[in-house]
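Report on one structure; see the data block that follows.
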Amino acid sequence: MTVRVRFAPSPTGKMHIGNLRNAFFDYFYARATGGKFLLRIEDTDQGRSTEGSIQNIYDTLRWLGLSWDEGPDVGGPFGPYVQSERNAVYGDYAAKLVSAGHAYRCYCSPERLEAVRKEQTEKKLPVIGYDRHCRDLTETQRAEYDEQGLKPVIRLRIPLESVTVFRDEILGDIEKANIDINPDPVLLKSDGFPTYHLANVIDDHLMEITHVIRSQEWLSSGPIHLHLYQAFGWEPPKYYHPPLILGKDGHKLAKRHGSTTLDEFREKGYLPEAIVNYVTLLGWSYDDTREFFSREEFEKLFTLDKLSKSSAVFDYKKLDWFNGQYMRKLEPADLRDRLVPFMQQAGLFASPPTEAERKTLLDIVPLIRERLTLLSDCASWTSFFFEDVSIADPAELVPKKGTPEKTLETLTALNTSLAGFEGKSEEELESDFKALAEKLGVKLGDLLMPLRVALTGTTKSPPLMGSMLILGKDKVEARLSAAIALLGEKV
RNA sequence: GUCUCCUUCGUCUAGUGGUUAGGACACCGGGUUUUCAUCCCGGCAGCAGGGGUUCGACUCCCCUAGGAGAUGCCA
């Protein structure tokens, strides 16, 4: 039997980390086994579905390099793949369950349900939820309600006795007394839309899903779904409930923990490679040491038996580390291309960028690559190449233990000795500087720091020699002269 | 309240009765270095607690504690 797995998000907002991790598990499992990966949109809540969510799902998955074999946009033999387009199907199956006695119509108003819950909570009753008020309505009672024009929901008739054993392939067998299962959950809402429970089970069956991978928040729904499969007389798929992803405080990862949507990570300058690698390793491991995996490697190596049981805290710092690692692995031209949009964003590059800008950035890449954590860090490291620098306070030119007078002397000496630097290599320049430092009786650092500030405007910059060579004679001389003038006023 | 699941360094994890409990991030210290980084070396730090079972438990069982999830006409 060939593996068929699905990623089934609901379009209620932007793709976030928790969602995504399960998409990875689904996708990698399908690829590793030569199975099919399908995308299904679960938009059964009319109120919560939002415009653009589906597009965001597509964009995010594609950005990360995931492709699906069947889905709303690519079609497939089991469509449609959007649940709101399948409503007739659910209604029919719900009706079947009612006539078979596995489900029943409930006419209770949301208000009554709310009141029941409130009372149960106040009385601290062990079971809180629907009181099965309509479970055994007579024909006459039903007719009466229908006559009043009440729109019923359809509820699943959960047995009152006995125990259900639900098997999760990660956690093992889970025993649950039927009386503890969510009492008679709604299958079909009064608006005619199915609930998650119904739509999910029907679609997984009809789409011949073999493995359901969904996060642990669904675990308690497992027995409900099992009862549904039994009521339909269908064979359930295998279930895997990977643990949740948490924030630093141990609660489900949410906005307040920092970035959680993939759009945010993308905008901040994280690489898809780093995200794929880090996020997949949250709840999955290969062995005791290996932690670098490309998407292609996951597509070959992923197995469900290495999924872990306990929840994982999302560590932004480790993601940063991965990002830096991947940044340094990229080919210079590739890194440059990914940096360009961030340079435009920062207003340093034209849109579209000029050839000169692209060329210069490529020259700069070797100088800054190991200084970058995020793509967006690039602008602050390189702005001095593309804009004029300004030194707010001449004191910045003076090294820690130096004096303005000595610094002025140093800069002046530099100004004359720098003539003709352009033809030289970084190594030659360095030995020139060393010689000059010795001659002036200053440490190399105290020679270079004033120059660094003069040329870049800051005390932290990419390597100076390389930067000078890229900056070119004109800018170097102009900035050096400006610095000398500035410091001269002070002395 | 009730039910279910989970529990190895601060964090992510390896580990399936006999290991000096391994790796990575973070952190601390040292080295390389023109700044900042990178890189290299070293260090700190863990089996939640208590009972069993066993010649022997991180590994198996029970209890306790802690955490999380569910308890919706949301998914």
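Every chain is numbered from 1, with letters handed out A, B, ... down the list of sequences.
In this structure G72(B) sits in no base pair that meets the Watson-Crick or G-U test at under 3.5 Å. C55(B) and G18(B) make up a base pair, with Watson-Crick or G-U wobble contacts both under 3.5 Å. If you check G66(B) for Watson-Crick or wobble pairing at under 3.5 angstrom, you find it paired to C6(B). Pairing of A24(B), defined by two Watson-Crick or G-U wobble distances under 3.5 Å, is identified with U11(B). As the counterpart of C36(B), no nucleotide is assigned, since no Watson-Crick or G-U wobble pattern has both distances under 3.5 Å.
Taking atom CD of residue Gln325(A) and atom P of nucleotide A37(B), one finds them 16 Å apart after rounding to whole Å. Residue Ile158(A) contributes atom CD1, which lies 18 Å from atom P of C3(B) at whole-angstrom precision.
Counting any heavy atom pair closer than 4.0 Å across all strands shown, Leu464(A) reaches a base atom. Counting any heavy atom pair closer than 4.0 Å across all strands shown, Arg369(A) reaches no nucleic acid atom. Counting any heavy atom pair closer than 4.0 Å across all strands shown, Gly47(A) reaches no nucleic acid atom.
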Open item on the list: Using ring pair (Phe, Tyr, Trp, His ring centres under 6.0 Å), reason through Phe293(A) and Tyr286(A) one step at a time and then give a plain yes or no.
Closed with: CA-CA 10 Å; Phe293(A) 299 88; Tyr286(A) 180 70; 5.6 Å; yes

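Judged purely by atom type and a 3.5 angstrom limit, Ser311(A) has no side-chain atom pairing as donor or acceptor with the backbone of Pro243(A).
Nearer to the 5' terminus of RNA chain B, by closest-nucleotide assignment, is the contact made by Lys176(A) (compared with the other of Lys176(A) and Asp191(A)).
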